[in-house]
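Everything on this sheet refers to the single structure shown next.
Count residues from 1 along the sequence. Computed from a predicted model, the values in this text were never measured in an experiment.
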Amino acid sequence: MRAEFGLPAQNVIDQAGIKVFSLKVFERTFRVTAALNFLTLGVAGLAMFASLMTLSGMRLPQLAPVWAMGLTRRHLAWLELSRGLLLAALTMLAAVPVGIALAFVLLAVVNVEAFGWRLPMHLFPGDWARLAALALLAAGLAAAVPAWRLARLSPSDLLKVFAHER
């Protein structure tokens with residue numbers, strides 16, 4: 001074939017080999033993206049856990065009077081767990097429209113300005129539902145430890161809260 005066109009061997013490129021190589025690089029890119037997504041979700045879960053642990057200690061002075069009025073520690077723990085799940089659900093309800101708006105701006109404005117072309121925007125409600133379930137699971141796990149600690153907290157520790165008030 002090279003002889004037909006009179007081209008030297010160094011000027012002929014194997015397009016099939018380049019296609020195979022580029023597809024391998026493309027697939028590796030998606031594997032790295034998936035790993036980064038997993039790492040990001042792990043860091044977010046750890047941050048949620050740390051913040052809920054900190055907030056649980058700060059909320060003790062607010063919960064001790066409710067306990068003193070007759071609510072059991074177990075019931076307080078269920079309320080705290082429910083509060084954490086409700087907070088996660090409300091955050092998700094606010095985050096999804098913001099995420100869609102951000103994606104639209106990136107696709108319709110930034111890509112056009114930066115590259116001169118626009119990608120189509122596709123919405124995947126099934127993925128949102130799966131992500132919502134995972135987020136609620138992570139929030140439930142993050143809220144479970146502080147709630148468990150609250151349920152196991154001794155009455156003397158709850159009474160100490162009143163001694164430290166001013």
Side-chain angles (χ1 to χ4, degrees), residues 25-115 118-166:
V25 171
F26 193 68
E27 290 299 319
R28 271 190 291 178
T29 302
F30 279 108
R31 273 190 248 128
V32 170
T33 302
L36 287 174
N37 286 342
F38 183 75
L39 181 65
T40 302
L41 288 174
V43 169
L46 185 63
M48 190 175 5
F49 175 73
S51 65
L52 286 173
M53 288 296 290
T54 302
L55 287 175
S56 72
M58 293 172 59
R59 279 191 46 86
L60 199 55
Q62 298 166 353
L63 295 174
V66 179
W67 168 78
M69 292 181 347
L71 217 57
T72 65
R73 291 172 293 155
R74 180 173 286 206
H75 194 83
L76 282 174
W78 277 110
L79 287 174
E80 285 298 295
L81 182 64
S82 301
R83 184 182 64 85
L85 289 172
L86 181 64
L87 183 61
L90 290 174
T91 301
M92 181 198 62
L93 286 175
V96 168
V98 171
I100 292 171
L102 179 63
F104 178 77
V105 168
L106 287 172
L107 292 173
V109 178
V110 174
N111 267 358
V112 173
E113 288 295 321
F115 304 112
R118 180 177 174 175
L119 291 171
M121 184 164 166
H122 299 286
L123 304 177
F124 301 98
D127 289 342
W128 298 341
R130 190 171 359 130
L131 184 61
L134 287 173
L136 288 176
L137 176 68
L141 291 174
V145 174
W148 181 79
R149 285 181 55 201
L150 179 62
R152 301 280 184 257
L153 196 63
S154 69
S156 64
D157 288 333
L158 286 167
L159 287 173
K160 287 177 188 174
V161 170
F162 294 110
H164 296 306
E165 283 187 5
R166 296 180 185 162

Quick one, W128 with L123, criterion side chain to side chain contact (heavy atoms under 4.5 Å, CB included). Give me CA distance, side-chain angles, the key distance, then yes/no. CA-CA 9 Å; W128 298 341; L123 304 177; 4.0 Å; yes

At what distance, to the nearest 0.5 angstrom, does CG of L136 lie from CG of L141? 11.0 Å

Can you name the closest pair of heavy atoms from G84 and A143 and give their distance? CA-CB, 4.3 Å

Within a reach of under 6.0 Å around CH2 of W78, are more than 12 heavy atoms found that belong to other residues, nucleotides or ligands? no

Within a radius of less than 6.0 Å around CZ of R83, do more than 12 heavy atoms belonging to other residues, nucleotides or ligands occur? yes

Gap separating the CG atom of L134 from the CG atom of L41, nearest 0.5 angstrom: 8.0 Å

Could you give the distance from CZ (R31) to CG (L36), rounded to the nearest 0.5 Å? 13.5 Å

Which pair of heavy atoms, one from V98 and one from A94, lies closest together, and at what distance? CG2-O, 3.3 Å

Any chance you could measure M48, atom CE, to T91, atom OG1, to the nearest 0.5 Å? 9.0 Å

Rounded to the nearest 0.5 Å, how far apart are CG of L63 and CG of L153? 10.0 Å

Determine the interplanar angle of the F30 and F26 rings, folded into 0 to 90°, and report it as parallel if under 30°, tilted if 30 to 60°, perpendicular if over 60°. perpendicular

Let's go through W67 and L60 carefully: what are the C-alpha distance in whole Å and the side-chain angles of both, what is the deciding distance for side chain to side chain contact (heavy atoms under 4.5 Å, CB included) to 0.1 Å, and is it a yes or a no? CA-CA 10 Å; W67 168 78; L60 199 55; over 6 Å; no

Passing candidate, side chain to side chain contact (heavy atoms under 4.5 Å, CB included) with L119, options N111, V112, L106: N111

Looking just at side-chain N and O atoms, do D157 and S154 make a donor-acceptor pair shorter than 3.5 Å? yes

Does L150 form a side chain to side chain contact (heavy atoms under 4.5 Å, CB included) with R73? I'd like the steps, not just the answer. CA-CA 7 Å; L150 179 62; R73 291 172 293 155; 5.6 Å; no

Could you report the tightest heavy-atom contact between L81 and G140, atom names first, then the distance? CD1-O, 3.7 Å

What pair of heavy atoms forms the shortest contact from R118 to F104, and how long is it? NH2-CE1, 3.6 Å

Is any side-chain heavy atom of V25 closer than 4.5 Å to a side-chain heavy atom of E27? no

Got H122 and P120 here, is their nearest side-chain heavy-atom distance under 4.5 Å? yes

Say you draw a straight line from CG of L55 to CG of L87; how long is it, rounded to the nearest 0.5 Å? 9.0 Å

